[in-house]
Amino acid sequence: MNQEVIILLAEDDSGHADLIGKNLSRAGIVNPILRFQDGQEIVDFLFFRGPGPHRKKEAAYILLLDIRMPKMDGTEVLALVKADTELRKMPVIMITTTDDPREVQRCHALGCNNYITKPVEYESFVHCIRQLGLFLSVVQIPNINGKT
Amino acid sequence: MNEDKMIPESAFQPLRHSLDSITDSVFWIDRHARLVYANRAVSSNLGYSREELLEMTVFDIDPQFDPAKWQEHWQEILTRNSFVIETEHRTKDGRSISVEVTVNCVEWNGEKYNCAIARDISERKRAEAEIEKTRVVLKSIIDSTADFIWAVDSETYGLLSWNRAVQDHFRQEYGIHVRAGMSLEELHPEKEEWIRFWQTSYRRVLQEGPYEQEYRISTGTRILNLNFRLLARDDRIFGISVFGKDITDHNDALEQQGRLARVVEESRNEIYIFDAENLRFVQVNRSARRNLGYSMEELRFLTPLDIKPEHTVESFARLVAPLRQERQAAVEFATNHQRKDGSLYPVEVHLQLLKGTPSFFAAIILDLTERKRAEESLRESEQKLSALFASMTEMVVLHELLFDAHGRAVDYRITDCNRAFTQITGMPRESVLGRKATDLYASAEPPYLETYSRVAVTGEPHAFETYYAAMEKHFFISVVSPGKNRFATITADITAIKQAEKMLAAKNKELEQIVYVASHDLRSPLVNVDGFSKEIEYSVEEIQKALDCRSENPNGIDPVLQKELPEIGSALGHIRKSTRQMDALLKGLLKLSRCGRAALRFQIVDMNDLVAGVASSVEFQSRKSGADLQIGDLPPCWGDSVQVTQVFANLLGNAFKFLTPGRPGAIRIHGRIEQGRSVYCVEDNGIGILREHQEKIFELFHRLNPSKTDGEGLGLTIVHQILNRLDGEIRVDSTPGVGSRFYVSLPCPRPGTGGETKESEP
């Protein structure tokens with residue numbers, strides 16, 4: 001994966017964020033990871049809202065999005081992203097503990113690029129994140145402003 | 001008279017003798033209608049002398065002519081030369097004679113004359129009139145009969161003549177206007193069988209002569225036909241005539257006798273006919289024979305006394321005396337009949353005397369065994385049904401449909417109703433029976449008329465649910481039809497079921513949330529527990545490896561420990577946090593489950609007392625936050641005080657919890673009665689809730705901002721659930737940064753429920 005690509009991780013559980021980070025680096029993904037605690041924080045970042053940090057126009061991002069988060073949940077964030085003409089090109093991968101088929105279907109309908117269920121069992125969890133790493137290493141991330 | 005116009009007598013000399021010898025009158029008439037010659041027959045026919053005639057004009061002897069008409073006639077003579085007219089001549093003594101006049105235009109000395117030859121046709125006219133009169137009489141005779149009379153041509157079978165009965169029959173039954181010459185095909189269009197029938201009949205009468213035949217026409221009428229040939233004077237057959245007589249009634253009378261005999265024999269009642277003199281049975285029908293066990297042959301030697309053990313010759317004679325003396329038309333009495341096997345059965349006898357030669361007694365017997373049993377069981381089932389009808393908790397109402405002049409159902413009338421109906425509606429039975437729906441329910445359109453009339457007309461039962469706003473009740477109405485144009489409604493109050501369904505739906509939603517929580521919120525910490533345990537394993541492996549290599553590299557262990565121990569520490573921290581999280585979740589679920597199972601004690605709740613109690617319990621919190629709490633006058637409500645306390649404790653707790661830091665808090669609780677419900681408002685000037693979050697705050701374990709406040713995200717879920725059970729409602733009205741208002745609505749205390757309580761099962 002392009003070295004400049006920044007991984008945005010929206011995950012309210014710090015433990016999960018920690019585990020995802022550890023395993024991505026074990027899978028050889030060394031891109032910078034920006035962590036957001038809830039849906040509101042990532043939306044503020046992406047849509048230049050609030051006083052916090054904001055995205056850079058020229059940077060390429062990939063978004064790993066948890067679904068159940070306080071304030072604003074992942075599906076709402078996904079809907080906002082996919083409704084935005086600029087941001088819709090950014091790959092969004094849902095990472096969640098639910099495997100409720102309705103939830104999965106809703107995310108696909110909204111246009112998520114991939115959907116990963118966090119398995120409780122750690123070996124599987126590691127395997128999933130490795131797979132994600134593999135996916136991230138081959139995928140071409142478009143620049144949000146159109147350049148690749 | 002103009003002399004030179006006169007025709008000299010000599011001119012007729014050669015013809016004179018012959019003209020005078022014929023009986024037809026011969027006139028010569030000039031253009032001025034003057035008679036210039038008349039033969040002897042004219043004199044004898046009209047009574048004038050020849051001299052008199054020669055002084056006369058046509059107008060004198062023919063009253064039908066006048067000068068104008070003569071002019072016209074003369075012109076016709078000149079153009080047509082010769083033709084025949086019918087007119088009348090008047091004799092000298094005033095008689096009128098019908099004449100046929102042959103007009104001939106002749107010329108003499110350059111002058112034109114009319115040589116008219118008149119023949120007396122009075123006789124012919126009279127004969128014609130006679131024939132016409134006879135014809136009219138005959139026609140009216142054949143037309144006045146209801147029998148069918150007609151004649152057809154023997155060659156073509158085309159219709160020659162017919163009477164009115166035939167004409168009316170064809171017009172009324174088939175809309176056919178009968179005309180002369182109509183063929184069989186025209187009289188019986190598209191009725192092959194009739195065409196063949198008549199062809200066969202006509203052919204037969206031509207070949208074999210007159211014969212009778214019987215048949216039935218479409219109207220069911222039986223016809224006896226008499227078919228015969230029509231002969232001309234020379235005995236040549238020119239036609240066929242048919243005389244058809246309606247013999248339906250005649251045949252019916254014959255059949256009726258047979259039918260009556262069968263009715264007697266087949267009757268379910270026992271019927272006995274016995275001789276009035278020796279009382280021996282003459283005829284005993286099958287029902288009687290079967291019940292008694294005797295054959296007809298045996299019965300011929302028996303009398304009623306043999307089967308009526310309670311009667312003697314004397315008592316029976318006394319019984320039938322009023323009949324014999326003709327004081328009564330019939331006698332009725334009850335007795336027992338004895339069967340051939342000796343067994344008895346109760347009977348009711350209707351006895352009549354049929355006078356004649358010989359006279360007979362006719363007895364019709366009702367076997368009361370069956371009737372008594374039937375009456376008994378009918379009474380029993382009626383009792384059962386009426387008890388059921390009366391004691392049913394469903395409202396049962398019987399109706400009959402009412403129709404307008406066009407046969408459309410427009411209304412219905414109540415014919416009966418049960419106690420449940422009068423109790424629930426509060427309308428006494430007497431005021432309801434016979435009333436029309438439009439009148440009773442005071443509506444222009446009778447309720448559910450279309451549905452009800454469909455059931456009443458088709459007999460297909462139907463059932464539906466409906467909500468009656470005026471009574472705030474849900475009903476399940478089942479409609480059945482006990483007979484044509486009648487229907488019964490069985491109405492069950494399903495309000496409680498509906499409420500239970502609503503409750504069930506809410507419970508299902510709650511359950512769904514719990515499943516979601518189990519699949520996500522409980523799984524989430526497990527991911528951490530398993531993940532960080534594995535991480536600790538990795539660290540332990542690293543440390544183990546360093547320890548194993550200690551002999552070769554004694555200093556290698558320190559950096560490993562320095563790296564791995566903080567990792568282990570952090571991992572243990574995550575694991576412990578996760579277990580605490582799970583514990584909190586499980587406790588929350590337990591709490592929720594407990595609050596859903598708590599027994600409810602409904603009573604009037606004094607909300608001023610209740611909220612004051614809640615306020616004092618959070619006094620410490622309010623003092624700490626420095627917020628100002630104001631409580632207005634609150635109306636009472638109907639509910640469970642423990643549960644209502646919980647609701648307000650949670651709401652007030654939240655109000656304190658979500659105050660805006662750095663701004664003095666102001667919390668108000670106020671309430672009022674609104675549309676029959678007690679509505680309370682808990683109002684704060686706290687951080688507020690975004691519109692898109694306002695729905696979610698009542699969801700299980702939903703916390704908008706977990707890091708900033710403590711609590712398991714259950715407070716509002718519990719509030720919501722409690723209110724569901726208390727028939728209460730909650731809604732929120734909030735502006736971020738300004739504050740929130742939580743409105744709680746609960747039922748008002750019901751009138752007449754002062755202090756009494758209702759226990760509710762958990």
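Quantities reported herein were computed from a predicted structural model and do not represent experimental measurements. Here is the naming used below: chain letters follow the sequence lines, and residue numbers restart at 1 for every chain.
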Neighbour count above 12 (heavy atom, 6.0 Å) for [X] [atom1]:
X	atom1	answer
A:Gln105	CD	no
B:Arg550	CZ	no
B:Arg663	CZ	yes
A:Arg106	CZ	no

How long is the straight-line distance from [atom2] of [Y] back to [atom1] of [X], given to the nearest 0.5 Å?
X	Y	atom1	atom2	value
A:Thr117	B:Arg523	OG1	CZ	7.5 Å
A:Lys22	B:Tyr538	NZ	OH	11.0 Å
A:Asp13	B:His574	CG	NE2	8.0 Å

- Query: Does some side-chain heavy atom of B:Ser524 sit less than 4.5 Å from a side-chain heavy atom of A:Arg68?
  - Reply: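 Side-chain contact under 4.5 Å: no.
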
- Message: If I measure from the heavy atoms of chain A, does B:Glu537 come under 4.5 Å with its side chain, its backbone, both, or neither?
- Response: neither

- B:Ser570, part contacting chain A, at a heavy-atom distance under 4.5 Å: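 B:Ser570 touches chain A through side-chain heavy atoms alone.
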
- Message: With a 4.5 angstrom heavy-atom cut-off, is it the side chain or the backbone of A:Ser14 that approaches chain B, or both, or neither?
- Response: both

- Heavy-atom pair with the smallest gap, counting every atom of A:Leu19 and B:Asn528: CD1-OD1, 3.9 Å

